[in-house]
2 protein chains.
Amino acid sequence: MSVEERTDQILDAVERLLGRGGISAVTMRAVAAEAGVSLRLVQYYGSSKDDLLSAALERLSSRSVDAWTGEATPDSVRECLVSFMLAALPTDDASRALHRVGVSREVLAITGHPAAATAYRLHLTRIQNLIVDQCLRADPAVSPSRAAELAAQAMSLVHGLGSLLMIDHLTADQARSAVQNFDANLS
Amino acid sequence: MSVEERTDQILDAVERLLGRGGISAVTMRAVAAEAGVSLRLVQYYGSSKDDLLSAALERLSSRSVDAWTGEATPDSVRECLVSFMLAALPTDDASRALHRVGVSREVLAITGHPAAATAYRLHLTRIQNLIVDQCLRADPAVSPSRAAELAAQAMSLVHGLGSLLMIDHLTADQARSAVQNFDANLS
DNA sequence: GTATCAATGATACGAACGTATCAACAGTCG
DNA sequence: CGACTGTTGATACGTTCGTATCATTGATAC
């Protein structure tokens, strides 16, 4: 097995653990068990735990940004925002896993871990820029600052709705109708 | 020092640690150091760590609900929602501490800790009921289900805005204007 | 063949945690 | 006075974590 394959195998295991139990579920031993390899191997390829986590989070961030970039280009700002929000809403296993990872990163960032904070900020900025680009492509007439403002509001709303959705304080339909309501009130 | 005073002294220490570093910052030894007492004393009054955390979180939840209940009663649904959102926005140290605690509870709830999940759900339901009650008192004409829907949307938005605010992805003014925008679009 | 070096596995080490144990002290009732 | 009970303190135990160490294997160059 090549180096890249081994690395992917281990990062895949980290990703699964992250999506299932958040950052606290990622221990070197748990990664080894999840990947079906020995602890020494995880050390060998991921050097330290921080490196391993950083690599997995970076890969996860890039991958979701790339996946989203390839989506069909919307033809209006409203459609752009609404399709992002509906896709980001944690209504299936994949998006629920992403939400767990995001909240884990958030709690690390706001409880005094500077490196995690800057990495998480970068991640959010990438997502926001992605939305802004799509909005501007859909409607070049809208101002970039206005697009950024709307993107931030959409990200906030979908994050909050996702949090309430994850613990079943909201149903998926209620969350979707809140998104539609936000959309309907866009000028 | 009486039993109640000792208990308060220790729970106060837990609360400070929670607000500063989230749940992971609460260790028996850290609580002892923060309260200025010995580890044995923390064990003596808080029996187990779970009991200690549960008691502190319950006290914190009740206290914030009570504090909010005593506020001036608004005279419209919109004013009720907006005053809640502006107050809940983490723009000062106290509300930022509360946001840290909330996100910590969330991450525990969504990563497979059933007891934390039900306790957190209960907490959110209490807050929602509080908002609904105030809305109905402000305008008895509005339907309870509509008030609950609006309360959930307000909670979602303020939670999401708070998350972006905490890591400085948003400024306080941007968050406030998003709240005003949400308010302006209420029917 | 064998020397060499990267890859892999088993195990050990120190730190931090929750919790338990044992000792010292203070107040109270007989 | 003395026995007892509840409170406080110091320390130890077992577990889990990240990491380090040591040994073994397998391929490749000479």
Side-chain angles (χ1 to χ4, degrees), chain A residues 1-18 20-58 100-101 104-105 107-108 111-116 119, chain B residues 1-18 20-58 100-101 104-105 107-108 111-116 119:
Chain A
M1 189 172 277
S2 76
V3 175
E4 292 81 11
E5 286 173 327
R6 277 292 195 205
T7 304
D8 277 341
Q9 179 189 10
I10 292 175
L11 289 184
D12 286 346
V14 175
E15 215 163 280
R16 286 195 298 273
L17 289 173
L18 273 173
R20 206 180 306 146
I23 289 183
S24 71
V26 179
T27 70
M28 300 294 271
R29 287 167 175 85
V31 171
E34 177 74 24
V37 299
S38 75
L39 171 61
R40 181 68 185 84
L41 199 72
V42 179
Q43 289 184 285
Y44 191 78
Y45 282 94
S47 55
S48 82
K49 186 191 176 181
D50 281 348
D51 293 346
L52 198 59
L53 254 181
S54 301
L57 290 175
E58 167 59 27
R100 281 194 201 91
V101 179
S104 272
R105 298 186 72 166
V107 74
L108 215 61
T111 52
H113 194 307
Chain B
M1 188 172 277
S2 76
V3 175
E4 292 81 11
E5 284 173 329
R6 277 292 195 204
T7 304
D8 278 342
Q9 178 190 10
I10 293 176
L11 289 184
D12 285 346
V14 176
E15 215 164 279
R16 286 194 298 272
L17 289 173
L18 274 173
R20 204 180 307 147
I23 289 184
S24 72
V26 178
T27 70
M28 299 294 271
R29 287 168 175 84
V31 171
E34 177 73 25
V37 299
S38 76
L39 173 60
R40 181 66 185 85
L41 198 72
V42 178
Q43 290 183 286
Y44 190 78
Y45 282 94
S47 54
S48 84
K49 187 192 175 182
D50 281 348
D51 292 347
L52 198 59
L53 255 180
S54 302
L57 291 175
E58 167 61 26
R100 281 194 201 92
V101 179
S104 271
R105 298 186 72 166
V107 76
L108 215 62
T111 52
H113 194 307

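Reminder, nothing fancy here: chain letters follow the sequence lines and each chain counts from 1. Because the structure is predicted, anything quoted here is derived from the model rather than measured.
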To the nearest angstrom, the CZ-P distance between B/R6 and D/dG6 comes to 18 Å
Candidate list B/L53, B/D12, B/V26, B/L11, test side-chain contact (heavy atoms from CB on, under 4.5 Å), partner B/V31, passing option
B/V26
Carboxylate-amine/guanidinium contact A/E15 A/R20, below 4.0 Å
no
Tell me what B/V31 touches on the nucleic acid: a base, only sugar-phosphate, or nothing, going by heavy atoms under 4.0 Å.
nothing
Let me see the working for B/R40 and B/Q43 under side chain to side chain donor-acceptor pair (under 3.5 Å), right down to the final yes or no.
CA-CA 5 Å; B/R40 181 66 185 85; B/Q43 290 183 286; 4.8 Å; no
Whole-Å distance separating the OH atom of B/Y45 from the P atom of D/dG9
10 Å
Ignoring the backbone of A/R40, work out which of D/dC22, D/dT19, D/dT7 is nearest its side chain.
D/dC22
Out of D/dG18, D/dT8, D/dT19, which has the shortest distance to the side chain of A/T27?
D/dG18
Can you tell me the Watson-Crick or wobble partner of D/dC30, both distances under 3.5 angstrom?
C/dG1
Nearest of D/dT19, D/dT7, C/dG18 to any side-chain atom of A/L39?
D/dT19
Expressed as a whole number of angstroms, how long is the span from B/K49:NZ to C/dA16:P?
15 Å
Please state how far atom CE in B/M28 lies from atom C1' in D/dA12, giving the value in whole angstrom units.
16 Å
Options C/dT8, C/dG18, D/dC17, nucleotide nearest the side-chain atoms of B/R29
C/dG18
Counting only N and O atoms by type, is there a donor-acceptor contact under 3.5 Å from the side chain of B/Q9 to the main-chain atoms of B/A35?
yes
Would you say D/dT8 has OP1 or OP2 under 4.0 Å from some side-chain N or O of B/Y44?
no
Taking CG from A/L41 and P from D/dT25, how many angstroms apart are they, rounded to a whole number?
18 Å
d(CD, B/Q43; C1', D/dA12) in whole Å
12 Å
